[in-house]
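Remember, it's 1-based here, ligands and their atoms both numbered in the order they're listed.
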Amino acid sequence: MSVEKTLSIIKPDAVRKNVVGQILSKFEANGLKVAAMKMKRLSKAEAEGFYAEHKERGFFGDLVQFMISGPVVVLVLAGQDAILKNRALMGATDPKKAEPGTIRADFAESIDENAVHGSDSATSAAREIAFFFDAAEIVN
Ligand code: ATP
Ligand code: MG
């Protein structure tokens, strides 16, 4: 067990549905603290850079178009085992396979529009946090 930081994105579909607060409440109720937060529109270059690991996949173009389709909320979450805890709270990538009570089960419609992003490892978390935030913007 260790205190970690992870990057979360509340994706455009969830912002459009007006469930930003409900998603933040889920994090807070489960021991994750907001350590940094901003709402922004991703540029195409930002979305492509952020999801660069998927650039050879067939869904990459649609994923980028979706991520720039409206504003997102970008967050650093901090807490015990924050990386795995956030992934558990999110639920499976495909909301049809997500456990009841997870964010994707409650708020997502499809694998293409699945409400939230979460870093999947310590290496990804470090890269993704630095992608969006300067050290001085993150509360300890
Ligand atoms: P994220 O990285 O957004 O947190 P994830 O880690 O659960 O999601 P990844 O495998 O990293 O899933 O895929 C990144 C995103 O690409 C997914 O959130 C999803 O929107 C999209 N995606 C992944 N697999 C597919 C697929 N088979 N068909 C369509 N879209 C997909
Ligand atoms: Mg991923």
Novice: Is a side-chain donor-acceptor pair under 3.5 Å present for Lys26 with Asn86?
Specialist: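 Looking only at side-chain atoms, Lys26 and Asn86 do not form any donor-acceptor pair under 3.5 Å.
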Novice: When you compare ligand 1 with His117, is there at least one nitrogen or oxygen pair between them that comes in under 3.5 angstrom?
Specialist: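 His117 vs ligand 1: N/O contact under 3.5 Å present.
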Novice: Measuring from atom 21 (C) of ligand 1, which candidate in Phe59, Phe60, Phe50 has the nearest non-hydrogen atom?
Specialist: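 It is Phe59 whose heavy atom sits nearest to atom 21 (C) of ligand 1.
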Novice: Checking a contact table here: which protein heavy atom is nearest atom 10 (O) of ligand 1, and how many Å away?
Specialist: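 The closest heavy atom on the protein side is His54 CE1, 3.7 Å.
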Novice: Gly118 heavy atoms, cut-off 4.0 Å: which ligand 1 atoms fall inside?
Specialist: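 Counting from 1, the qualifying ligand atoms are 4 (O).
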Novice: Quick check on the 6.0 Å ring-centre criterion: do Tyr51 and Phe60 meet it?
Specialist: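 No, they do not, as the ring centres are separated by 6.0 Å or more.
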Novice: Which heavy atom of the protein is the closest neighbour of atom 8 (O) of ligand 1, given with residue, atom name and distance?
Specialist: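 Closest protein heavy atom to atom 8 (O) of ligand 1: Arg104 NH2, 3.3 Å.
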Novice: Could you identify the single nearest non-hydrogen protein atom to atom 6 (O) of ligand 1 and state the distance to 0.1 Å?
Specialist: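 Ranking protein heavy atoms by distance from atom 6 (O) of ligand 1, first comes Arg87 NH1, 2.9 Å.
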Novice: I want to know if ligand 1 touches Tyr51 in the polar sense, i.e. an N/O pair below 3.5 angstrom.
Specialist: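 Yes.
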Novice: Does Thr93 reach ligand 1 with a nitrogen or oxygen that is under 3.5 Å from one of the ligand's nitrogen or oxygen atoms?
Specialist: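 Yes, there is a polar N/O contact under 3.5 Å.
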Novice: What atoms of ligand 1 come within less than 4.0 Å of a heavy atom belonging to Met90?
Specialist: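 Within the 4.0 Å cut-off of Met90, ligand 1 contributes 4 (O).
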Novice: Atom 19 (C) of ligand 1: which protein heavy atom is closest, and how many Å away?
Specialist: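 For this ligand atom, the closest protein heavy atom is Ile111 O, 3.1 Å.
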